[in-house]
Each structure stands twice: as C-alpha cells, then as structure tokens.
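Following: one structure in structure tokens, then a few remarks.
In this text, all values refer to a predicted model and were calculated from it rather than measured experimentally. Sequence positions, counted from 1, serve as the residue numbers for this chain.
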Amino acid sequence: MRYDLVIFDNDGVLVDSEPLSNTLLAAYLTELGHPTSYEESLRDYMGAAMHRVHDLVQERTGQRLPDDFDEVFHGRVFTAFERELEPVAGAVDILEKLTADGVPYCVASSGSHERIRVGHRKTGLDRWFEDGRIFSSQDVGRGKPAPDLFLYAAERMGVPPKRCVVVEDSPLGVQAANAAGMDVFGYTAMTPAAKLAGATQLLSDLGEVADLLV
C-alpha cells in the first residue's frame with residue numbers, strides 16, 4: 001500500500017453538494033447587490049471556507065457582507081440538502097472497500113461541522129464517519145488553499161503527511177494538499193482536468209481510488 005491514510009474532501013467528492021450550494025451562493029450574493037453567476041461562484045469559492053467569500057467581496061467592493069450572512073446562507077443550503085442532496089456516485093462503494101480492506105480514511109472539509117453532518121445524515125454517509133474521522137476548516141486558523149486542515153487531519157489520525165493521499169475536486173484543495181506535502185487525486189467529475197493540473201493523479205470515477213492506492 002502506497003498510503004496509510006486517505007483524506008476525502010466532502011463537497012463534490014462524497015456528497016453532490018457543489019451545484020446546490022453554488023447556485024444558492026450566487027443567488028444570495030446577487031440579492032445583496034454583488035452580482036455573481038453560478039460559474040463565477042464555482043470559480044471563486046468552490047472548495048473554500050466561508051471566510052473566503054467575505055474576504056473577496058470586501059476586497060472587490062470595499063463592502064462587508066451582513067453579520068448574519070453565514071447563518072442565512074447555511075439555512076438555505078440545509079433546506080436544499082434535505083430536499084435534494086445525494087451521495088456522489090461511487091462514494092458508498094469506495095468507503096465500503098476501504099473499510100473491508102482496513103485502509104484508514106477521514107474527511108477534511110472547508111465546510112462547517114454542521115454542514116458536513118447534515119449532508120452525511122441526508123445521504124446515509126454518516127454510518128462511515130464517526131466524530132474522529134471528521135475534520136473541518138473550523139478546526140484550524142486558515143482554510144484551503146492553506147495546508148493547515150490537511151496537516152491537522154493527518155496529525156489527529158497519527159499519519160505523517162508523506163504517507164497521506166487526498167481526494168479533491170477543487171483547485172484550492174489541490175493547492176492545499178500540495179502545500180501539505182501530500183499526494184492528491186484530482187476528481188474531475190465537475191472540474192476540468194486542466195484546473196487540477198497540480199494533482200498527482202486524475203480520476204473521473206471514485207472507483208479508481210482503490211486502484212491508485214496500490
């Protein structure tokens with residue numbers, strides 16, 4: 001086995017949340033007077049922690065988002081999750097295989113702990129992720145593309161960074177994994193391969209993860 005730990009991003013890799021959340025984010029920013037298309041939301045915010053949204057809006061406009069922005073946005077997202085969220089195709093199969101093979105894994109997400117858990121409960125993935133396998137940007141000072149979250153997850157799981165591989169679908173996540181000194185499998189279901197060019201390997205199906213581990 002080439003790796004001692006598989007670290008999964010959550011949104012877009014385990015749960016099919018990126019189309020939902022970025023549609024809602026673009027609409028809410030536009031509603032607040034910061035016109036944003038779905039494509040621009042994916043470009044600027046996919047894979048990022050919420051502080052990036054605040055930072056970029058203030059940097060570009062000189063205006064601060066409302067104090068309750070995160071609360072309102074997450075309320076809309078959770079409502080959409082309960083109505084529409086599904087696991088990514090192949091997510092259950094790869095988690096079952098890793099468990100059967102005794103390969104340690106965890107999730108390290110830019111999303112909040114609440115967002116991770118809401119999504120996992122709705123999709124049934126919560127059976128695979130007890131608390132000790134869930135890490136959020138809330139746990140560290142800086143979100144992706146900083147390496148802090150992946151390094152924190154590796155430390156908590158007791159595995160050196162060089163023995164970890166990250167499964168990511170965003171350019172920011174690939175940058176974070178590289179900065180952490182970890183290999184990274186770039187998942188291209190939603191993101192063009194060219195935007196994940198820094199990945200160690202590219203894959204279009206989560207089933208390929210198992211083959212790339214050996």
Side-chain angles (χ1 to χ4, degrees), residues 1-19 21-22 25 37-53 55-56 59-60 88-91 94-95 98 103-111 116 134-157 159-214:
M1 181 68 65
R2 292 167 59 191
Y3 306 103
D4 296 330
L5 177 66
V6 181
I7 303 176
F8 289 97
D9 175 43
N10 189 56
D11 294 292
V13 172
L14 294 176
V15 296
D16 193 18
S17 53
E18 293 291 9
S21 59
N22 281 282
L25 179 57
S37 68
Y38 171 72
E39 291 75 18
E40 289 168 337
S41 184
L42 287 176
R43 181 195 68 201
D44 293 340
Y45 305 122
M46 182 175 169
M50 287 302 295
H51 68 77
R52 179 177 172 86
V53 182
D55 292 345
L56 281 184
E59 177 184 315
R60 290 168 174 173
V88 168
I94 190 59
L95 293 171
L98 294 178
V103 178
Y105 64 87
C106 65
V107 61
S109 172
S110 293
I116 297 167
I134 297 176
F135 305 101
S136 161
S137 61
Q138 287 181 311
D139 301 326
V140 295
R142 299 180 298 167
K144 306 169 189 177
D148 304 35
L149 176 57
F150 290 142
L151 292 173
Y152 177 74
E155 179 183 8
R156 290 293 301 272
M157 296 293 291
V159 178
K162 65 181 179 181
R163 298 293 300 166
C164 300
V165 64
V166 176
V167 184
E168 262 288 354
D169 71 331
S170 74
L172 293 176
V174 169
Q175 292 175 45
N178 286 332
M182 301 176 180
D183 282 356
V184 54
F185 297 159
Y187 181 49
T188 62
M190 269 196 65
T191 308
K195 293 188 176 182
L196 302 177
T200 311
Q201 299 275 352
L202 295 175
L203 54 95
S204 59
D205 186 311
L206 288 182
E208 298 172 53
V209 170
D211 295 333
L212 293 172
L213 293 177
V214 296

Beyond-backbone contact of P161 with E155, side-chain heavy atoms, under 4.5 angstrom: no
Derivation and outcome, side-chain contact (heavy atoms from CB on, under 4.5 Å), residues Q201 and V165: CA-CA 10 Å; Q201 299 275 352; V165 64; over 6 Å; no
Minimum heavy-atom separation for S41 to N22, with atom names? OG-OD1, 2.7 Å
Around R156, counting heavy atoms of other residues, nucleotides and ligands shown, do more than 12 lie under 6.0 Å from its CZ? no
Please check if the side chain of R2 supplies one atom and the backbone of L212 the other of a donor-acceptor pair under 3.5 Å. yes
Start with the C-alpha gap between D44 and R60, add the side-chain angles, then the distance that decides, and say whether side-chain contact (heavy atoms from CB on, under 4.5 Å) holds. CA-CA 12 Å; D44 293 340; R60 290 168 174 173; 3.0 Å; yes
How about D169 and M46: do any of their side-chain heavy atoms sit closer than 4.5 Å? yes
Is there side-chain contact between V13 and F185, with at least one heavy-atom pair below 4.5 Å? no
With no hydrogens and no angle check, just 3.5 Å: does a side-chain donor-acceptor pair link S17 and D11? yes
Just so I know, are the side chains of Y105 and V209 near enough to count as touching, which here means a heavy-atom distance under 4.5 Å? no
Nearest heavy-atom pair of G47 and L172: which atoms, and what distance? C-CD1, 4.3 Å
Tell me the closest heavy-atom pair linking A153 and A108, and the distance in Å. CB-CB, 4.3 Å
Closest heavy-atom pair and its distance - A49, G143: CB-CA, 4.5 Å
Enter the distance from H51:NE2 to S137:OG here, rounded to the nearest 0.5 Å. 6.5 Å
Contact between V184 and N178 at the side-chain level, heavy atoms closer than 4.5 Å - yes or no? yes
Decide yes or no for D9 and K144: does some side-chain heavy atom of the first lie under 4.5 Å from some side-chain heavy atom of the second? yes
Listed by chain and number, what are the ring-ring contact (aromatic ring centres under 6.0 Å, His included) partners of Y187, not counting sequence neighbours? none
Which atom of L196 lies closest to which atom of L202, heavy atoms considered: O-CD2, 3.6 Å
Straight-line distance of E18 CD to Y38 OH, nearest 0.5 Å: 8.0 Å
So how far is it from S170 OG to K195 NZ, rounded to the nearest 0.5 Å? 11.5 Å
According to side chain to side chain donor-acceptor pair (under 3.5 Å), who are the partners of S204, at least two apart in sequence or on a separate chain? E208
Hits for side-chain contact (heavy atoms from CB on, under 4.5 Å) against S136, two or more places apart or cross-chain, chain-then-number order -> H113, I116, Q138, D139
Which heavy-atom pair separates P19 from M190 by the least distance, and what is that distance? CD-SD, 3.7 Å
Trace of the side-chain contact (heavy atoms from CB on, under 4.5 Å) decision for V167 with L14: CA-CA 10 Å; V167 184; L14 294 176; over 6 Å; no
Test side-chain contact (heavy atoms from CB on, under 4.5 Å) applied to V103 and Y3, step by step: CA-CA 9 Å; V103 178; Y3 306 103; over 6 Å; no
